[in-house]
Amino acid sequence: MERLQKIIANCGVCSRRKAENLIIEGKVKVNGVVVKELGTKVGEKDKIEVLGKVLEKQQPIYILLNKPRGVVTTVSDDKNRKTVVDLIDIEERIYPIGRLDYDTTGVLLLTNDGEFSNLMMHPRNEIDKVYVAKLNKKIEANDIKNLKSGVMIDNVKVKADRVKLRKVNSDGTCIVELTIHEGKNHQVKKMFLSLGYLVDKLKRERVAFLTVDNLKSGEYRNLTLKEVHQLYALANKNN
Ligand code: URA
């Protein structure tokens with residue numbers, strides 16, 4: 001037996017929070033009866049309906065993609081551009097966890113497990129997102145401090161958890177590693193821009209312990225069961 005909202009989220013219909021709202025609003029039925037009680041336990045054989053549709057039990061899927069440049073991080077694009085989902089050759093409906101820009105490369109997770117997706121994204125769970133950025137000029141030591149103490153983007157203060165200058169190139173550009181736990185829109189580019197730096201190239205090198213070291217650009221693999229358990233444990237540790 002499992003909690004109703006967890007089962008709904010696990011089926012990839014929506015997040016657990018959204019599932020809770022749907023339950024409270026009376027939009028969920030169990031065996032034909034509206035259930036408004038959060039935490040109601042349901043079993044394998046119970047028939048669950050959400051917004052009038054019977055919930056299909058589905059196998060959870062967890063994919064690690066090495067996102068190439070020139071692909072949008074969405075399920076479908078109104079401008080008909082290639083999406084990250086187009087790169088994955090499976091029948092089941094999956095969606096990306098968070099967003100990498102059109103020109104950003106590297107680690108991207110896709111799933112149909114709403115609960116997992118939320119756990120990976122919520123800043124409270126402190127899942128490392130490690131980016132490597134090529135900047136248009138050498139970063140000042142003082143700006144490394146500023147990134148760590150917090151900079152304003154879109155009227156919100158955001159901090160980098162770690163910042164490291166990796167390399168200064170002979171043409172004056174530099175390579176900086178920056179670790180954050182959030183995923184606001186264009187966050188890394190905006191953080192650097194707030195201090196006067198342009199990001200020429202951006203790669204997400206690591207999410208938690210996952211890298212794309214053994215995947216070519218555009219290649220993907222399923223996460224192992226062990227990796228999924230480890231990621232759940234990591235997120236729940238700070239929860
Ligand atoms: N921050 C950005 O600015 N772009 C990305 O793609 C990811 C994080």
Side-chain angles (χ1 to χ4, degrees), residues 63-79 81-88 94-111 116-139 143-144 146-167 173-213 215-220 231 235:
I63 286 171
L64 167 61
L65 168 70
N66 184 359
K67 181 194 173 292
R69 199 166 283 119
V71 180
V72 267
T73 306
T74 178
V75 174
S76 69
D77 183 50
D78 48 12
K79 293 188 200 134
R81 290 172 298 181
K82 191 175 237 184
T83 76
V84 288
V85 174
D86 293 335
L87 299 174
I88 316 285
I94 52 166
Y95 51 85
I97 302 180
R99 184 178 297 176
L100 291 182
D101 295 336
Y102 192 67
D103 57 351
T104 302
T105 60
V107 177
L108 184 71
L109 294 171
L110 298 102
T111 188
F116 179 77
S117 175
N118 281 339
L119 282 174
M120 291 303 108
M121 280 198 291
H122 202 298
R124 179 185 59 191
N125 299 333
E126 296 183 3
I127 299 292
D128 278 353
K129 281 105 190 173
V130 182
Y131 292 88
V132 178
K134 181 178 178 206
L135 304 185
N136 65 329
K137 58 183 178 182
K138 181 177 177 268
I139 193 164
D143 284 332
I144 293 185
N146 287 333
L147 287 165
K148 288 192 213 166
S149 58
V151 292
M152 294 299 286
I153 62 166
D154 302 328
N155 299 320
V156 183
K157 191 172 179 180
V158 287
K159 284 182 194 179
D161 194 54
R162 290 187 294 278
V163 187
K164 206 162 96 186
L165 174 60
R166 275 199 186 173
K167 191 174 172 216
T173 60
C174 74
I175 309 290
V176 178
E177 177 188 314
L178 178 130
T179 303
I180 52 176
H181 294 143
E182 303 150 297
K184 297 190 194 311
N185 240 353
H186 313 302
Q187 178 163 339
V188 174
K189 290 177 187 167
K190 284 181 177 173
M191 286 174 80
F192 283 117
L193 193 59
S194 75
L195 299 167
Y197 302 91
L198 290 176
V199 173
D200 290 341
K201 264 191 190 170
L202 187 61
K203 177 177 182 181
R204 184 152 69 181
E205 203 176 64
R206 181 164 67 79
V207 171
F209 51 82
L210 296 169
T211 68
V212 284
D213 290 351
L215 295 170
K216 295 200 183 89
S217 173
E219 279 187 352
Y220 62 92
L231 289 167

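First listed ligand is number 1; within each ligand, the first listed atom is number 1. The analysis underlying the following values was restricted to heavy atoms, covering all of them including side chains, and did not include hydrogens, waters or symmetry mates. Count residues from 1 along the sequence.
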Using the side-chain contact (heavy atoms from CB on, under 4.5 Å) rule, pick out the option among R204, K201, E205 that qualifies with V132.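 The passing option is E205.
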Any Lys/Arg nitrogen of D101 or K189 sitting under 4.0 Å from an Asp/Glu carboxylate oxygen of the other?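 So D101 pairs with K189 through a salt bridge.
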Is the number of heavy atoms from other residues, nucleotides or ligands under 6.0 Å of K137 NZ greater than 12?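 More than 12 within 6.0 Å, yes.
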Looking at R69 and D103, what are the two nearest heavy atoms and their distance?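 Distance-wise, the nearest heavy atoms are NE-O, 3.5 Å.
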Kindly tell me which protein residues have any non-hydrogen atom under 4.0 angstrom away from an atom of ligand 1, grouped by chain and ordered by number?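 The 4.0 Å shell around ligand 1 contains L100, D101, T104, Y131, H186, Q187, V188, K189, L202.
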Under 3.5 Å donor-acceptor, D200 side chain and K134 backbone: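 Not a single qualifying donor-acceptor pair exists.
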List in chain and number order the residues that pass salt bridge (charged side-chain N to carboxylate O under 4.0 Å, His left out) with K159, two or more places apart in sequence or in another chain; answer none if no residue qualifies.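 If we apply the salt bridge (charged side-chain N to carboxylate O under 4.0 Å, His left out) test to K159, skipping adjacent residues, there are no hits.
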